[in-house]
2 protein chains.
Amino acid sequence: MSTAQGARARARTEVTAAIKDEARRQLAAEGAAKLSLRAVARELGMVSSALYRYFPSRDELLTALIIDAYDSLGEAAEAAYAKVSGESPARQWVAVCEAVREWALARPHEYALIYGSPVPGYTAPSTTVPAAARVGLLMIGIVRDAYQDKGVAQWKLPAELRPEARRMAEDLAPDLPPEVVVVLIGAWAQLFGLVNFEVFGQFNRVVEDRGTFFRHAAGQLAHHVGLVYPQSGAKEH
Amino acid sequence: MSTAQGARARARTEVTAAIKDEARRQLAAEGAAKLSLRAVARELGMVSSALYRYFPSRDELLTALIIDAYDSLGEAAEAAYAKVSGESPARQWVAVCEAVREWALARPHEYALIYGSPVPGYTAPSTTVPAAARVGLLMIGIVRDAYQDKGVAQWKLPAELRPEARRMAEDLAPDLPPEVVVVLIGAWAQLFGLVNFEVFGQFNRVVEDRGTFFRHAAGQLAHHVGLVYPQSGAKEH
DNA sequence: CCAAAGCAAGAGCAGTGCTCTCGATTGTGT
DNA sequence: ACACAATCGAGAGCACTGCTCTTGCTTTGG
C-alpha cells in the first residue's frame with residue numbers, strides 16, 4: 001500500500017519496528033512483567049518521552065507485540081501445514097500441533113503473552129481477534145478437507161448441546177456437521193492446554209519425554225476429531 | 001502444632017493473614033500486575049517497610065497467594081468429589097471438572113496466578129509442587145477406583161512411548177496400567193486447556209453456551225480416560 | 001518561502017519495590 | 001526481677017517505573 005511514502009513516513013515505520021524488536025528482546029530475556037519502556041528507549045539511544053510518539057502507552061506496545069505474536073504463530077503453523085499438504089489429514093493435524101508446540105517452546109514469553117494470563121487490562125483488545133483466529137481456522141480447514149474427502153467419524157450430541165452446536169457450526173464452518181465443529185473447538189482448546197502445561201512447567205516432574213508424549217496426545221486429538229492414520233486399522237468407533 | 005504459641009506469634013499469624021487477605025482483594029480487583037505492596041500496607045494502616053517483616057519481597061507474597069490458590073482449588077475439587085462419591089466414576093469425573101471450572105470463573109485473577117503465565121521469576125518455586133498436585137491426584141483416584149472396580153478401556157501405545165509411559169505410571173500410579181496413566185495426564189492438561197480458554201476469553205465470540213459445552217467436553221474427557229456413563233450403552237471400544 | 005505538523009529532549013510528577021536506621025515493644029535466660 | 005536479645009513499626013531515602021508537559025528543532029506541504 002504505502003510503500004513509497006515520504007522519507008519521514010519510512011523513518012517512522014523503521015523506528016516503530018526497532019522499538020518492537022528491542023521490546024521483543026527484553027521480553028524474551030526478562031518476561032513481560034519486567035519489560036520497561038524506559039529501558040527500551042535507553043537501549044535505542046533515545047529518551048523515554050520520545051517513545052510515546054510511537055506507542056501511546058506501555059499496554060499499546062504490548063498489544064502490538066501480542067498481534068505480532070499471533071501472526072508469527074499463525075505463519076509457523078501455516079508453514080508446517082504447507083510442508084505436509086500432500087499427506088494424510090491426520091498427519092497434517094499432528095504437524096500443525098507440533099509446529100505450535102515448537103513455536104511456543106522457542107519463545108515461552110511471547111507465547112505467555114498470547115495464551116497465558118492476559119497482562120494489560122484483562123480484556124483483550126478486539127483488534128487481536130483476527131490474528132488470534134489463524135491457527136483455529138487452519139485446523140478447521142484440515143478437518144474440512146478430510147470431511148469432504150471421505151467423511152469423519154460422528155458423535156451423537158446430547159440434546160441440550162444441539163442448539164449451541166448449530167450456532168457454532170453456522171459461524172465457523174457451515175459446511176461441517178455440528179457434531180464435528182463441537183469436537184473441533186474442544187480439541188483446539190485442549191491442544192493449547194497441552195502446550196500450556198509444557199511451556200509453563202506443569203509437566204516438570206511428571207512428564208519427561210515430552211516430545212513423544214505430545215506427539216501421541218496430538219495424534220489422539222486428531223483421532224478424536226475424526227481423522228485417522230492410514231496405517232492404523234481403526235476406521236470407526 | 002504451634003496453636004498455643006505466645007501472644008506475639010499469634011499476632012504475627014494474624015497480621016500475615018490480614019496481609020494476604022488484602023492482597024487477595026486487590027488481586028481480584030485489579031489483577032496481579034497492579035498488586036502493590038505499598039497499597040496493601042496503606043489499606044492496612046501500616047507503613048510499607050513494616051510489611052517486609054512478614055514477606056521478604058513482593059514475589060514471596062505472590063507465591064504465598066499461589067499456594068493458597070492451589071489449596072483453595074484443591075479443596076473445592078475435593079468438596080465436589082465428596083458430594084458425588086456414591087455415583088458413577090464418570091459422574092465423579094465431570095463433577096470435579098465442573099468444580100474446577102466454577103472455581104476458576106469465580107476468581108479469574110487467582111486462577112490466572114496458578115494456571116496462567118507464571119508472573120514472578122518464571123520458574124515456579126518448588127514449594128508450590130505439593131499443593132499443585134491435589135487436583136491431579138484426585139482425578140487419578142477417580143480413575144483408580146473405576147479401574148479396580150471393573151477395569152477401564154485400553155489403548156495401544158506406540159512403541160516409542162512405552163518407556164516414558166512406564167516411568168510416569170511408576171511415579172504417579174503404580175497400580176494403574178501405563179496406557180491409562182498416559183491418557184490421564186493428557187486429559188488433565190486438556191481439562192485446564194478448556195478452562196483456560198473460557199477464563200481468558202478465547203471462547204468469546206466462539207462458544208456462547210459455555211456451561212453445557214464444557215459439561216459435554218468434560219464428559220468426552222471422562223470417556224477418553226475409560227470412564228463410561230451407566231446409561232450410555234458404549235461399554236468398550 | 002513560510003506556516004504547520006512531526007519530532008527529540010528535558011524536567012517533572014506520582015507511584016513502585018526495597019534498604020537502612022532508629023526507637024519502642026516484647027520475649028527469654030540467668 | 002533484671003538485663004539482654006529478638007522483634008516490630010515508623011520514617012527517610014534510593015533507584016526505578018509510566019506518563020505528561022513544555023521547549024526548541026527539523027521536515028513537510030501549500
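So you know, we letter chains A, B, ... as the sequences are listed, proteins then strands, and number each from 1.
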Return the value, rounded to whole Å, for the distance between atom [atom1] of [X] and atom [atom2] of [N].
X       : N      : atom1 : atom2 : answer
A:Leu62 : D:dG18 : CG    : C1'   : 12 Å
B:Leu51 : D:dG9  : CG    : P     : 9 Å
A:Arg10 : D:dT27 : CZ    : C1'   : 14 Å
A:Lys34 : D:dA15 : NZ    : P     : 18 Å
B:Arg53 : D:dG11 : CZ    : P     : 14 Å

Interatomic distance, A:Glu208 atom CD to B:Met168 atom CE [nearest 0.5 angstrom]: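 Answer rounded to 0.5 Å: 10.0 Å.
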Members of residues 37-48 of chain B that approach DNA chain D, where some heavy atom sits under 4.0 Å away: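 The answer is B:Arg38, B:Met46, B:Val47.
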Short side-chain donor-acceptor distance under 3.5 Å, B:His224 and A:Gln220: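 B:His224 and A:Gln220 do have a side-chain donor-acceptor pair below 3.5 Å.
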Beyond-backbone contact of B:Tyr115 with B:Leu73, side-chain heavy atoms, under 4.5 angstrom: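 Contact flag for B:Tyr115/B:Leu73 side chains = yes.
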Side chains of A:Val15 and A:Tyr54 in contact at under 4.5 Å (non-hydrogen atoms):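 They are in contact (side-chain heavy atoms under 4.5 Å apart), so the answer is yes.
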Worked verdict on B:Phe203 versus B:Phe213 for ring-ring contact (aromatic ring centres under 6.0 Å, His included): CA-CA 11 Å; B:Phe203 278 162; B:Phe213 176 81; 5.7 Å; yes
Boundaries of the DNA chain C segment in contact with chain A, non-hydrogen, under 4.0 Å: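 Range of nucleotides within reach of chain A: C:dC7 to C:dG12.
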Under-4.0 Å side-chain N/O to phosphate OP1/OP2 contact, B:Arg12 with D:dC8: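 Looking at the OP1 and OP2 atoms of D:dC8, one of them is under 4.0 Å from a side-chain N or O of B:Arg12.
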B:Tyr111 and B:Phe192 aromatic ring geometry - parallel, tilted or perpendicular at 30°/60° bounds: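 It falls in the parallel class, under 30°.
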Shortest non-hydrogen separation from B:Ala99 to B:Ala76 and the atoms involved: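 For B:Ala99 and B:Ala76, the tightest heavy-atom pair comes out as CB-O, 4.0 Å.
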Those residues that, when tested against B:Arg134, pass salt bridge (Lys or Arg N to Asp or Glu O under 4.0 Å) (two or more places apart):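 Residues passing salt bridge (Lys or Arg N to Asp or Glu O under 4.0 Å) with B:Arg134: B:Asp71, B:Glu78.
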B:Leu37 vs B:Ser48, side-chain contact (heavy atoms from CB on, under 4.5 Å): CA-CA, chis, key distance, verdict: CA-CA 7 Å; B:Leu37 276 191; B:Ser48 72; 5.9 Å; no
Sugar-phosphate, base or nothing in reach of A:Tyr54, heavy atoms under 4.0 Å: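 Sugar-phosphate only.
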Nearest-neighbour nucleotide for the A:Ser49 side chain, D:dA10, D:dG9, D:dC21 considered: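 In terms of side-chain proximity for A:Ser49, the closest of D:dA10, D:dG9, D:dC21 is D:dC21.
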